[in-house]
Amino acid sequence: MATTWNTSNLVPDDTGSKSANSIPWYLWCSVLAVTSVSIGAHWDVSWHRSIGRDTFWTPAHIAIYACGVLAAISCGYLVLFTTFRKPASMVASSVEIFGFRAPLGAFIASWGGIAMLTSAPFDNWWHNAYGLDVKIVSPPHTLLMLGVFAVSVGTLIMLLGSMNRAEQAGNAMLARHLQWMLLYIGGLMVVFQMFFRMEYTWDVYLHGASAYEAIAIGMPTLFAVLWQSSRSRWACTWATLIYTVFLEAAVLILPLFPAEPKLGPVFQQVTHFIPPKFPILLIVPAIAMDLLWNSTRTWKPWLTALASGPVFVLSLVAVEWPFADFLMTKAAANRFFGTTYFGYPEPPTSFDVLRRFVDPQHGATLWNGLALAMLFAFLSTWLGIALGRWMRAIQR
Amino acid sequence: MPFSARTSTSLGRHRKKPGAGKWSERLFLFTIIAILAGAVPARAHVGSPDIYADGKAGPYRLFVTVRPPLVIPGVAEIEVRAEDTGTDAPAISGIQIAPIPLTGPASLHPPVADPMKQSAQDKHFFTGALWIMASGSWQVRFTVQGSQGAGVLSIPVPATSSSTRGMQTGLGVLLGSLGLLLVAGVIGIVGAAARDAQLPPGAVASRQATKRAWIAMGGALVFMIAAVWFGNVWWKGEADNYARYVYKPLTMQALLEQSPNAGPSLKLKIEDPGWLKSRKIDDLVLDHDHLMHLYFIRKPGMDVVYHLHPEQIAPGEFQLALPSIPAGTYSLYADVVHATGFPETLVAQLTLPVIAGRPLTGDDAKGLAQALNPARVDGNSCPASLITRSSFPLPDGYTMVWDNPGILPAKTPQIFGFSLLDVKGKPASDTALYMGMLGHAAFVKDDGTVFAHVHPSGTVSMAALMMAAAQNRTGASKADEMASMPGMAMPAASNAPTKLPNTVGLPYGFPAAGAYRIFVQMKHGNTIETAAFDACAAASRN
């Protein structure tokens with residue numbers, strides 16, 4: 001049975017914000033942390049495709065680790081301030097873990113910061129033991145990305161708690177502003193989710209089911225979480241629009257800066273930073289999901305998820321498959337679509353340089369794979385709906 | 001390096017097919033269990049991975065040391081000593097270095113060169129480091145600027161991963177502690193999420209919510225145990241996968257065959273135990289006139305040595321009509337070079353009865369010496385008294401002299417100088433080139449763990465050196481290139497005979513402390529002389 005806190009021994013003011021109508025600085029700090037790592041991650045991959053050699057102190061690395069530092073500053077402040085100063089409003093909206101008090105999101109983001117810090121010596125040892133790994137998905141990199149993911153989720157939950165409290169307090173304007181920030185973070189989470197899948201969604205892989213399976217695992221979960229928790233009818237569309245604009249901005253901006261390979265073997269003469277591939281057209285299934293979920297609010301979650309799986313996968317395949325054909329043509333060989341950019345170590349015989357699909361699938365093999373992707377999308381959506389509904393009620 | 005783009009090269013790891021990634025790689029996982037990868041003894045080049053080379057970059061003579069990384073990709077450490085040949089020697093203002101594959105399309109596109117750092121105390125000494133990104137046959141290109149313009153020298157670098165490293169105890173404790181904190185953090189966060197997260201501000205959790213939280217924390221604990229287990233499996237898989245790229249030399253089987261007509265012969269069968277798919281056994285190239293240079297060294301005293309040259313009779317099969325050989329157990333070291341310029345030393349052992357075979361002909365040669373006294377050697381340390389003599393009397397009355405004997409720290413580059421004296425003790429006036437060079441040497445550790453076949457140009461294979469030099473050609477002839485290599489003086493274009501020096505310098509550095517025997521071969525007239533000197537290497541200064 002719920003009771004109320006005895007607040008007689010608590011500090012009365014909440015120094016986290018100037019007024020009840022403003023967004024506290026630590027939320028801005030956390031949003032900046034997620035922004036920083038999103039830019040840093042793509043910058044770093046571009047660095048390794050363009051220059052190759054790096055040190056710990058490259059700007060891209062600093063942008064990545066600034067995420068951990070900013071998260072540590074904001075969440076460390078929240079945890080320590082709430083635990084030891086005991087301001088009434090902050091204590092009242094906090095959770096307790098091992099004697100410390102703070103909003104739940106602050107603990108999650110702190111966990112992410114520790115994971116990022118742990119990954120640094122782990123990654124360094126990994127390189128010494130097994131050589132510099134030339135791939136994204138390795139155990140230490142995964143730990144780093146788990147940390148980044150936790151900072152993002154923690155920020156999302158802090159925003160949700162604040163938004164929900166503002167809404168319950170009748171502060172619609174603040175709730176609206178927090179919703180925008182939440183959708184922005186959602187968009188960056190789409191960016192990062194797709195970053196983690198980069199090795200499987202390269203444009204030359206888009207005529208095989210594996211790319212769609214990789215997207216169907218987890219991406220519908222994020223869509224459903226955002227749609228359910230943000231209370232925005234167009235949450236998925238906004239988030240994927242941010243993803244699309246972010247990636248396209250990288251495609252357009254990175255080549256403006258000079259770079260040259262400092263490692264061999266050099267197969268491509270590189271004179272500027274190599275950008276990421278053109279964004280996946282996730283905005284199409286995102287619009288489809290928003291439309292579907294807006295019209296199935298009364299459905300059971302499992303039924304909604306069952307309908308969502310095929311809609312997500314088939315709408316994505318319907319646009320991405322022919323678009324991938326287009327990306328292989330000379331018509332796409334321009335600055336906007338960016339299909340002429342190749343990293344220095346890409347041999348001239350590689351599928352990417354030749355602009356040919358790797359092991360294109362068709363017939364039963366393809367449909368079996370897509371059926372698997374639909375199953376993944378169904379399960380992912382179901383999980384996302386459950387998580388999103390739970391998050392929708394977060395108060396702390 | 002937080003993130004790096006997946007790349008593929010024709011030299012290194014193979015491109016992964018789409019969808020070939022394990023499901024495990026698609027999930028967010030982490031691991032905290034430290035697997036201590038066991039060190040694997042380095043066998044590439046038989047325990048002597050560092051490269052020592054002497055060469056000319058245009059007018060500038062350089063003594064180069066390249067210490068390849070233990071793992072690939074990794075950083076090679078490079079040192080250059082600009083050899084000062086007197087007051088008129090050209091002054092070097094700077095050296096730039098670039099790593100380039102020795103052959104293939106990427107050999108045409110070097111990355112941006114890096115400047116080497118010039119020592120403030122010693123203007124002739126330069127240091128630098130380069131990333132070697134893939135296993136295989138590489139070269140480091142040195143571009144020198146100085147008082148007489150620019151000069152280029154390329155030194156071949158066979159790059160292999162030779163082992164994996166374990167984790168230091170302190171780091172293991174640190175990572176393990178942080179890992180436990182992360183596991184505990186997840187459990188605590190899950191508990192707080194289930195108990196408090198949805199409570200209105202100011203409310204406290206009900207007993208039911210608390211009970212729900214404990215159940216959730218139990219579930220989180222089970223999940224984290226599963227995640228750690230899964231992470232352990234993944235880590236082990238990655239380590240096993242990496243171990244496949246650790247260098248595995250070609251294996252060699254040696255068989256003694258007796259034929260009533262042709263006499264005793266040696267058959268060598270070469271097999272690939274599996275390493276890089278790009279390695280072949282049918283692509284061997286001539287290395288100073290022969291496909292294979294085979295050293296026969298009798299164990300344990302190294303008192304008998306043969307330098308022989310079997311003929312290839314089929315891909316992966318070599319045959320040699322044996323000369324007369326004393327009975328004993330012999331270590332066989334066979335040097336071959338692939339078409340990529342990648343050199344390998346194949347190892348075998350063979351116990352022979354007394355062989356009554358053919359006389360030595362052509363470039364084949366043998367040497368006899370006193371057995372290395374094991375009493376003078378204690379593990380990896382040895383006394384100065386091991387070096388009992390610096391001159392070696394040869395069977396025909398000539399003498400070979402080691403010009404600069406002494407104890408050297410391991411991993412220290414030096415040019416080992418040897419002179420050939422005639423029967424009167426005067427510098428030999430009839431010195432001849434032996435397989436195109438003034439001398440050859442084999443540095444062999446007393447326990448057989450080190451074998452290095454060294455020439456005046458250093459430890460690099462001559463075939464690879466020629467490949468690298470050809471890429472630097474700017475109108476110079478092949479003869480000019482060879483003449484630029486120390487100890488490879490070519491006959492002049494005119495018919496006038498050129499008198500060769502009676503000395504040879506061999507660049508090398510002992511890889512580890514201990515006792516070594518140096519077999520040195522020089523030629524005068526038609527006689528190939530083989531001398532043996534004992535050397536002692538002290539512990540490395542590093």
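As the structure is a computational prediction, the values presented were derived from the model and not from experiment. Naming: A, B, ... by sequence-line order, numbering from 1 per chain. Below, each value reflects all heavy atoms present in this structure, side chains not excepted, and no hydrogens, waters or symmetry copies.
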Side-chain heavy-atom pair [X], [Y] within 4.5 angstrom cut-off:
X: A:W390; Y: B:Q198; answer: yes
X: A:L263; Y: B:P111; answer: no
X: A:P345; Y: B:M133; answer: no

*What residue in B:G104, B:A184, B:A243 has the most heavy-atom pairs under 4.5 Å with chain A?*
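Most heavy-atom pairs within the cutoff with chain A belong to B:A184.
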Can you give me the closest heavy-atom contact between [X] and [Y], atom names plus distance?
X: A:T142; Y: B:W234; result: OG1-CH2, 3.1 Å
X: A:V95; Y: B:A192; result: CG2-CB, 3.9 Å
X: B:L182; Y: A:A115; result: CD2-N, 3.8 Å
X: B:A197; Y: A:L104; result: CB-CD2, 3.7 Å
X: B:L199; Y: A:Q395; result: O-CB, 3.1 Å

*Could you look at B:P69 and say if it's the side chain, the backbone, both or neither that has a heavy atom under 4.5 Å from chain A?*
neither
*Where the side chain of A:R396 meets the backbone of B:P200, is there a donor-acceptor pair that is under 3.5 Å apart?*
yes
*Residue, of A:A393, A:S93, A:P103, that accumulates the most heavy atom pairs under 4.5 Å with chain B*: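 Answer, by heavy-atom pair count under 4.5 Å with chain B: A:A393.
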_For chain B, which candidate among A:I108, A:T118, A:T349 shows the most heavy-atom pairs at distances under 4.5 Å?_
A:T118
*Are more than 12 heavy atoms from other residues, nucleotides or ligands located less than 6.0 Å from atom NZ of A:K277?*
yes
*Should we say atom CZ of A:F273 is surrounded by more than 12 heavy atoms from elsewhere, each under 6.0 Å from it?*
yes
Say you draw a straight line from [atom1] of [X] to [atom2] of [Y]; how long is it, rounded to the nearest 0.5 Å?
X: B:L175; Y: A:F122; atom1: CG; atom2: CZ; value: 7.0 Å
X: A:I97; Y: B:R195; atom1: CD1; atom2: CZ; value: 7.5 Å
X: B:I189; Y: A:W111; atom1: CD1; atom2: CH2; value: 7.5 Å
X: B:Q168; Y: A:W125; atom1: CD; atom2: CH2; value: 9.0 Å

_Report which part of A:F98 has an atom under 4.5 Å of a heavy atom belonging to chain B: side chain, backbone, both, or neither._
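The side chain, not the backbone.
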*Where on A:Q268 is there a heavy atom nearer than 4.5 Å to chain B: the side chain, the backbone, both, or neither?*
neither
*Kindly write out the residues that satisfy ring pair (Phe, Tyr, Trp, His ring centres under 6.0 Å) with A:Y341, not counting sequence neighbours, or none if the list is empty.*
A:H272
